K.L.:
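To start, I am sharing the structure in question, which I have written as structure tokens.
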Amino acid sequence: MTQYFYALGTERKGPVSLAELRAAPVTRATLVWHEGMPDWKSATEFAELSDLFAVQQPPKIPGIPGALGPGTSSPAVAGVPPASADASYGPPAQRPGTRRNAYDDLGGPPPKTWLVESILMTVLCCPPFGIVGIVNAAKVESRYYAGDIEQANYHSREAGKWTKIGLYVGIGLWALYFGAIFLGVTVGGF
């Protein structure tokens with residue numbers, strides 16, 4: 001019996017049987033491997049998992065005979081194209097079984113990285129806070145594309161937090177600096 005391994009975020013899970021793999025939180029982006037394979041593949045490339053990602057046909061509309069069923073004719077409804085057996089009508093985003101964009105499998109676009117802001121904070125103001133921001137910002141997209149959305153969101157929040165802290169500390173330091181200069185000018189009598 002084939003034993004499978006799958007990647008859940010940064011963790012490798014397994015060995016598991018096919019039934020256990022099918023019950024696991026496997027998405028289209030999940031990487032799967034079993035003995036004899038040269039490399040990991042996405043779950044969609046396994047025939048034994050293909051039904052997990054199949055597009056389901058919507059139920060028929062009650063009250064309309066043969067409504068929108070494959071290969072059947074239905075009465076013309078204003079603005080709705082007639083159903084066809086291959087459902088090839090409409091733009092690609094509306095065709096069954098097609099992806100609208102690259103983020104569909106992962107639940108939306110990746111969270112904000114804060115990388116540019118962290119770099120600016122490091123260069124212009126407060127290197128300690130900016131570096132912590134850069135470290136977290138660098139992890140956002142890698143965690144997201146590994147399928148670990150929770151960790152990607154966490155690192156995004158952390159990068160944003162440290163970048164904002166650095167900004168506020170920088171503003172405070174500049175205010176103290178200019179306040180000291182103003183005080184020196186007024187007291188010193190230049």
Side-chain angles (χ1 to χ4, degrees), residues 2-35 37-56 92-177:
T2 304
Q3 295 291 306
Y4 296 86
F5 293 85
Y6 65 97
L8 187 60
T10 58
E11 291 185 53
R12 186 185 79 178
K13 301 286 187 173
V16 296
S17 67
L18 179 59
E20 292 169 321
L21 178 63
R22 293 174 60 80
V26 175
T27 66
R28 292 176 179 269
T30 302
L31 296 175
V32 179
W33 179 86
H34 64 74
E35 190 173 330
M37 291 178 54
D39 205 2
W40 293 76
K41 292 184 179 182
S42 81
T44 58
E45 296 181 51
F46 286 83
E48 55 267 37
L49 300 175
S50 63
D51 63 316
L52 294 177
F53 311 111
V55 176
Q56 295 179 356
Q94 295 175 353
R95 294 183 194 154
T98 59
R99 293 171 31 176
R100 289 186 302 277
N101 60 49
Y103 306 123
D104 282 353
D105 295 341
L106 298 172
K112 182 175 175 78
T113 63
W114 295 90
L115 186 59
V116 172
E117 295 89 344
S118 298
I119 291 172
L120 290 173
M121 186 58 51
T122 303
V123 172
L124 300 176
C125 180
C126 303
F129 299 113
I131 290 171
V132 174
I134 290 172
V135 168
N136 280 293
K139 295 178 181 179
V140 172
E141 286 187 346
S142 64
R143 294 292 83 226
Y144 176 80
Y145 290 115
D148 195 354
I149 308 301
E150 183 178 325
Q151 280 294 307
N153 287 326
Y154 168 77
H155 287 297
S156 176
R157 286 190 306 272
E158 287 294 303
K161 176 179 81 174
W162 287 105
T163 301
K164 291 173 188 173
I165 289 172
L167 176 67
Y168 300 139
V169 167
I171 289 171
L173 290 174
W174 281 107
L176 286 173
Y177 175 74

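If you're wondering where the values come from, they're calculated on a predicted model, not measured in any experiment.
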K.L.:
In Å and rounded to the nearest 0.5 Å, what is the NZ to CG distance from Lys139 to Leu115?
P.N.:
13.5 Å

K.L.:
Check residues 119-137 and write down every donor-acceptor pair under 3.5 Å in which the side-chain atom is one partner and the other belongs to a residue at least two apart or another chain.
P.N.:
from: Thr122; atom 1: OG1; to: Ser118; atom 2: O; distance (Å): 2.9
from: Thr122; atom 1: OG1; to: Gly130; atom 2: O; distance (Å): 3.4
from: Thr122; atom 1: OG1; to: Ile131; atom 2: N; distance (Å): 3.4
from: Asn136; atom 1: OD1; to: His155; atom 2: ND1; distance (Å): 3.0
from: Asn136; atom 1: ND2; to: Val132; atom 2: O; distance (Å): 3.1

K.L.:
Can you run down the salt bridge (Lys or Arg N to Asp or Glu O under 4.0 Å) pairs that involve residues 161-171, sequence neighbours left out, and say none if there aren't any?
P.N.:
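Listed once each, the pairs are Glu158-Lys161.
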
K.L.:
If I take atom CD1 from residue Ile149 and atom OG1 from residue Thr27, how far apart are they, to the nearest 0.5 angstrom?
P.N.:
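It comes to 8.5 Å.
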
K.L.:
Less than 4.5 Å apart, any side-chain heavy atom of Phe46 and any of His34?
P.N.:
yes

K.L.:
Grab the two heavy atoms, one from Tyr4 and one from Val32, that are nearest each other, plus how far apart they are.
P.N.:
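Reported closest heavy-atom pair: CD2-CG1, 4.0 Å.
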
K.L.:
Looking at every non-hydrogen atom in both residues, tell me the closest pair between Gln3 and Pro15 and how far apart they are.
P.N.:
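For Gln3 versus Pro15, the nearest heavy atoms are OE1-CB, 3.5 Å.
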
K.L.:
Indicate yes or no: at least one non-hydrogen side-chain atom of Leu49 is less than 4.5 angstrom from one of Leu18.
P.N.:
yes

K.L.:
Minimum heavy-atom separation for Pro25 and Tyr6, please, with both atom names.
P.N.:
CD-OH, 4.4 Å

K.L.:
Under a 3.5 Å distance rule, please check whether Ser156 uses its side chain to pair with a backbone N or O of Lys112 as donor and acceptor.
P.N.:
yes

K.L.:
For Lys41, is the NZ atom crowded, meaning more than 12 foreign heavy atoms sit under 6.0 Å from it?
P.N.:
no

K.L.:
Please report the closest heavy-atom contact between Ser142 and Ala138, naming both atoms and the distance.
P.N.:
OG-O, 3.9 Å

K.L.:
Looking only at heavy atoms, which two atoms of Ala152 and Val140 are closest? And how far apart?
P.N.:
CB-O, 3.5 Å

K.L.:
Going by the side-chain hydrogen bond (donor to acceptor under 3.5 Å, both in side chains) test, which pairs reach into residues 12-23, not counting sequence neighbours?
P.N.:
Glu11-Lys13, Ser17-Glu20, Arg22-Asp51

K.L.:
So how far is it from Glu45 CD to Met37 CE, rounded to the nearest 0.5 Å?
P.N.:
7.5 Å

K.L.:
Taking atom CZ of Phe5 as the centre, does the number of heavy atoms from other residues, nucleotides or ligands within less than 6.0 Å exceed 12?
P.N.:
yes

